[in-house]
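Written below as C-alpha cells is the structure these notes are about.
The first residue of the sequence shown is numbered 1, and numbering continues consecutively from there. Only a predicted model underlies this, so the values are computations on that prediction, with no experimental measurement involved.
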Amino acid sequence: MTVKAKKHLGQHFLNDENIAEQIANSLSFQGYKNVLEIGPGMGVLTKYLLDKPTKTYVIEIDSESVDYLKANYLNLADRVIEKDFLKYDINEIFKGESFAVIGNYPYNISTQIVFKTLELRDQIPEFSGMFQKEVAQRICEKEGSKTYGILSVLTQAFYDAEYLFTVPPQVFNPPPKVDSGVLRLTRKTNYTLPCNEDMLFKVVKAAFQQRRKTLRNSLKTFNLSDNLREDSIFGQRPEQLSVAQFIELTQRIENDLKTQP
C-alpha cells in the first residue's frame, strides 16, 4: 500500500532517505521530551525520529496517510493525531509541556505554520523542517534585503533562524516546480520582548504592507506626535531596520501614545 499525493493538500512526498535523515538530525533533542511532526505522509522522516530519545507524535490531515502510518508504524499508532495543526488545540496532547516541531511542510500553509509556532513559542524551543526555498530564505533573511519582511522580523524577534541546506525537486514524488530549503529555528535564551508584542506585530505588518514607503508614511495610522515623526528613523524604509530596531521603535511608539493628551 502506498499513499497517493493529493494536490489540494500540497503533498510532495520526499523519497530520499539521506535527506530525511539529515532533516531528522537538524533538531538537538535536548531540553524537551516531545517532538511533533506535521504532515508525515508515509513516514519517511518519522522513522528517523522514532530512533531519537524523545517521544514522537505526528499530526496528519490526510486519512489515507493516517491509515498507512497506523498500519506500518505500530509503535506510533496511538500517537497519530488525525487533525489540522492550524485548527487543533495541541495542548489536548501536550498539556502545556514543551515540544519541538519538525516536518516537510505543505508549501501552501507553511507560513501559517510558522505564525502558529510563534503563538506557541512558550512551548516550542526548537523548530525545523522543509519549506519552499524562497520562504525558508525569507524567514532567515537579515535587514537590507528585498526578501526581508514580516515573516523575517517576527520570527527572528523570538528565534535564531538558520538556513541549513537546499533540496532539489527530483527527490520528491511528485516533484515540485521549485527548490526546497531546510531551516532551523532555535528559541532565544531571553525571548521575552521589552515591548508590547501585539504592538510589535501591528507595527511590523503596517510597515511592510507599504514597504516602498518610508515609515513616516506607512505608520501614519498610528497618529504619532509630530515630535516622534520627525526622528530620522521615520525617514527609512522597513527593510532597512534590524529586528532590534523594530523592537526599539515599538517601545518609542508605545511611549509616544501614552504621553499624548
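- Below 30°, between 30° and 60°, or above 60°: for F131 and Y105 the angle between ring planes is between 30° and 60°, a tilted geometry.
- No continuous path of ILVMFWY side-chain contacts below 4.5 Å connects I59 to I61, so the two sit in separate hydrophobic clusters.
- The two residues F13 and S65 come nearest to each other via the heavy atoms CZ-OG, 4.4 Å.
- Residue pairs satisfying the ring-ring contact (aromatic ring centres under 6.0 Å, His included) criterion with at least one member in residues 15-41, sequence neighbours excluded, are absent.
- For the residue pair Q251 and N255, no side-chain donor N or O sits within less than 3.5 Å of a side-chain acceptor on the partner.
- By the 4.0 Å N-to-carboxylate-O rule, E82 lies too far from K70 to be salt-bridged with it.
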Between L215 and L249, is the side-chain contact (heavy atoms from CB on, under 4.5 Å) condition met? List the steps. CA-CA 10 Å; L215 296 172; L249 176 64; 4.1 Å; yes
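- Note on V243: it clusters hydrophobically with L185, by side-chain heavy-atom contacts below 4.5 Å among ILVMFWY residues.
- Between the side chain of R211 and the backbone N or O of P238 there is no donor-acceptor pair closer than 3.5 Å.
- Not a single donor-acceptor pair under 3.5 Å links the side chain of Q210 to the backbone N or O of N217.
- Between the H12 side chain and the N173 main chain, no donor and acceptor come within less than 3.5 Å of each other.
- Of the residues F85, Y73, F99, F94, the one that meets the ring-ring contact (aromatic ring centres under 6.0 Å, His included) test with Y57 is F94.
- Side chain to side chain, Q123 and N91 meet the donor-acceptor criterion of an N or O pair below 3.5 Å.
- Side-chain contact between M130 and V167: present, with at least one pair of heavy atoms (C-beta onward) separated by less than 4.5 Å.
- When hydrophobic clusters are built by joining Ile, Leu, Val, Met, Phe, Trp and Tyr residues whose side-chain heavy atoms come closer than 4.5 Å, directly or via intermediates, V171 is not grouped with L183.
- Counting all heavy atoms, side chain and backbone alike, Y148 lies closest to E141 at CD1-O, 3.4 Å.
- Under 3.5 Å, the side chains of E17 and Y48 contain a donor-acceptor pair of N or O atoms.
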Stepwise salt bridge (charged side-chain N to carboxylate O under 4.0 Å, His left out) test for E197 and R121: CA-CA 12 Å; E197 290 164 1; R121 60 188 173 271; 2.3 Å; yes
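- For the pair L86/F115, no side-chain contact is recorded, criterion being any heavy-atom separation below 4.5 Å from C-beta on.
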